[in-house]
Structures are given as C-alpha cells and as structure tokens.
Amino acid sequence: MRTIDGDKLLRRLEQLGSTGRNPQGQLTRLAATAEDRAARDLLVSWAKCAGFDVHIDQIGNIFFSLMVAEKGRRAKPIMIGSHIDTVVDAGILDGCYGVLAGLSVLEAIRESGVDISKPIVVAAFTNEEGVRFTPDLMGSLVYVGGLDVQEALNKVDIHGRRLGDELRAIGYLNDKELPFGYPSKYVELHIEQGPVLHSAGKSIGVVEGITGISWWRAIVEGSANHAGTTPMKLRKDAGYAAMRIATDLIDFARRAGSKAVATVGSMHFERGAINVIPARVIFTVDLRCSDEAGLKELEFALVDIADRVSTEFSVSVQKEPLARTHPSVMDEAIAEQIEIAARRRGLPSLRLVSGAAHDAQMLSRVARAAMIFVPSVGGISHSPAEYTQSNELVNGANILLDVVESLARQNV
Ligand code: GLV
Ligand code: MN
Ligand code: MN
C-alpha cells in the first residue's frame, strides 16, 4: 500500500507551528498579518521546492497543483483543502494539518508515477477562523461565489484596517484568473477538535455533516454613573444587562439538547473602571446547531432574551449579524470510500457530525465534499494544548491519499 512520507509531514507541522509566534511564544496567526505572511511564505516555498505550480486568487487563497498529461487538463480537479490562519493562542494542527497532508499526498502521488486522469489541487483558504475579519470561512466563501470579492476585501478589523490593503501589504493579492475551474470533489482532512473519536478509541472519523453557525455582535447601552451613590433600582447598568443576556442565552442552549451550543466568547466593558457603572458593553455571540430548525430556535431565543432584558433593565440592545451558515451535508459516496480505505488499512472508523466550521461546508456548494477526522486527545482544540498522536496524524494522511488517489482515477 502506498504511503505518504510521515516523518516529513510531522517535521513540516512542527516548523509551520513555530512560524508566526509572538514574543511570549503564543501562536496567534490572524489572517493577513505579518505572522500569516511568514506561514504563507513557508508553505509556498515548500510547494515550489517540490515542483508544484502555485497560484494566488483575488482573496489571497493559495493553491498548488499537480497537473496531468494534456488530455486530462480540462477535467475538473480534485481539491484537497483547509487553512493556515489560526485563532488567538492556538495549537499547531487546526487547519495546517489538512493543508500539509495535502502537500504530502501530492508528493506521494507524483513520486509513485500513478496515472491520474485529472488535476489535483491543494488549497489554503484565507481567514477561515474569522477572528480578525468576519465572516469566518471567508476565503472559501468568496471562492464559491457566496460573497462578493470587493465586499470581502472591504471588511475592516477592529483597528479599521481593510482586508484588501492588508493582503496586498503581505503580497497575497492577485487578480489573475486561476488556470482551473471548480473541483468536482473536495476532501478536507482535519483534527476532530472534539472528544468523540478519542473517547471511542477510533482512528478515523467519517464526517456526515457540519453544524450551522450564527454569529452576532451585540451592543448594550445604558448610563455611566457612580458605583457607590446610585441605588440599585435607579441604574441603567449595561454590564448587568449584557451578562444577563449571555447567561439566559447559554441556559437556553443547555436546556435545548446536545446539538445546540451557545458561546459568548468576548465581552468588552466601557468604561471598564472598578467604580463606574458600565455605560456600554460590546459582546459576541456564537450559536451552533447541526439542524437548521434548532439553529433558528437559538436565534429566536437571542432576540427574545435581548428584548426582555432591554425593557427590564432600561437599556438599549442592538444586534448585528456577523456570519450565518446553514448546516451542510457531506457526500455519501465519498464517505463510503473513506470507510473502505480505513477498513483496508485496519483502522477503526466512526461516523460523526462536525461542531466546528470548515471550508468543506462552503465547497459543498460547488462540489461533492467530504471530510476525514483524526482524534484530538482529550477533545481539546483552539488551545495550545491541542494534540493528536503522531501515528494518528500519519494514518489520517494515508487515508486522504487513498481516497484522493481513487477519486483522481475515477472517470466521473
Ligand atoms: C472554526 O474553527 C470554528 O469552528 O469557529
Ligand atoms: Mn480548522
Ligand atoms: Mn479553528
């Protein structure tokens, strides 16, 4: 059985993971920053060194490709993809694993000399995490035509810096057309980022669907006043109101069942002083559910709770939608191929639904899309403690190789 070069994959993961760290040693590689540039440059240098063509598109997505003999050039490619931007204080695997495994798969297929009938393209999509610019999944969303490129380039970060200017400054903006069209099939390999595979003792996750996500920013406005002299009944306390909305919403999700989750991940108090009643609070809301009806219930709950709290606490509450994706379904035929590949390699597999967002959900709008997961030890991710055992990382990349190779040989 053919295999990828496991040692090389692990070395590259470590090297990419040490790129873009801050002076405290944290990995915070937000989209279109100098840190992102360093990681992009490293990835591109590896791809070029390995002899693959590199292309950058209008939103800074990076693609590298293994082309085929003349007759297959017009065929729709098979695409492997993920991202190399990170959250704040991240681990080294989220996204990077899928992109680097893609590079390993291209190398293994080329070195084997196996006859493939269509191009294979690896993509590293811009701003998957959406930490600096919203919406998340931005590069893949623009790529599939779900967001106008100019609208995306005009998005600004909290300092008012425009994405288009930032991408140009790091040298990753291009208006040349890509030499290939949409892929017929898209496969993304990723760490699970949750506890299911690890606790079940399974090596390979076969993803059936990806959760829907609804992101909001809320601004609560009350009145600043003296913390000592203002009686409790006479306050317009934006802080208390914001915390009440957050806790009531999270309580709602706790009662709604295991598919629904709600997170208030950031809350900013103005004026932020110990003895001043907060006049203004800005906070974010992340709602997720793997079925659309459940996600809508969470959204209704946010609206109801905000209205009630606004009246009860005499504050105003504005809600701004930041991003919205529907739950998506992965391709059943490719899921079966993943299961077959796992069986052949003697790796136990399990079907599951992803609670994290992935570029695969955007690609599923234009291609048959599938995802392969490997176990996250302890289910930890978006944290430096994110960890997957080396043998599991190599196993996952070999399954990706098997699946992509068989897709690239099929005449459909
Ligand atoms: C991305 O990793 C997300 O699920 O927010
Ligand atoms: Mn990811
Ligand atoms: Mn992530």
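Counting starts at 1 for both ligands and their atoms, in listed order. Index from 1, following the sequence. Keep in mind that what you see is a predicted model, and the values were worked out from it rather than measured.
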**Q** Please give me the minimum heavy-atom distance between Arg288 and Ala357, naming the atom from each residue.
**A**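 Smallest heavy-atom distance, with atoms named: NH1-N, 3.5 Å.
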**Q** So which protein heavy atom does atom 1 (C) of ligand 1 come closest to, and at what separation?
**A** Glu129 OE1, 3.2 Å
**Q** For atom 3 (C) of ligand 1, which candidate among Arg288, His83, His358 provides the closest heavy atom?
**A**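 It is Arg288 whose heavy atom sits nearest to atom 3 (C) of ligand 1.
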**Q** I want to know if ligand 1 touches His382 in the polar sense, i.e. an N/O pair below 3.5 angstrom.
**A** yes
**Q** Do the ring planes of Phe63 and Tyr143 sit parallel (below 30°), tilted (30 to 60°) or perpendicular (above 60°)?
**A**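 Ring orientation of Phe63 relative to Tyr143: tilted.
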**Q** Is the distance from the Mn ion (ligand 2) to the nearest N/O/S atom of His190 under 2.8 Å?
**A**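 Of the N, O and S atoms in His190, at least one lies under 2.8 Å from the Mn ion (ligand 2), which means yes.
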**Q** Under 3.5 Å between some N or O of ligand 1 and some N or O of Ala356?
**A**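 Looking only at distances, the answer is no, because the N/O contact criterion of under 3.5 Å is not met.
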**Q** How large, to 10°, is the angle at the Mn ion (ligand 3) when you draw lines to NE2 on His382 and to OE1 on Glu129?
**A**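 Seen from the Mn ion (ligand 3), NE2 and OE1 are separated by roughly 90°.
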**Q** Once you measure the plane-to-plane angle for Phe125 and Tyr186, does it fall in the parallel (<30°), tilted (30-60°) or perpendicular (>60°) bin?
**A**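 Rings of Phe125 and Tyr186: tilted, as their planes differ by 30° to 60°.
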**Q** What atom name does the N, O or S atom of Asp94 nearest to the Mn ion (ligand 2) carry?
**A**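 Minimum-distance N/O/S atom of Asp94 relative to the Mn ion (ligand 2) is OD1.
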**Q** Within the supplied structure, the quantity of interest is the number of heavy atoms (other residues, nucleotides, ligands) at a distance under 6.0 Å from Arg308 CZ; does it exceed 12?
**A**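 Counting neighbours around CZ of Arg308, more than 12 heavy atoms of other residues, nucleotides or ligands fall under 6.0 Å, so yes.
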**Q** With rounding to the nearest 0.5 angstrom, report the OG to CE distance, Ser184 to Met79.
**A** 10.0 Å
**Q** Within a reach of under 6.0 Å around CZ of Phe180, are more than 12 heavy atoms found that belong to other residues, nucleotides or ligands?
**A** yes
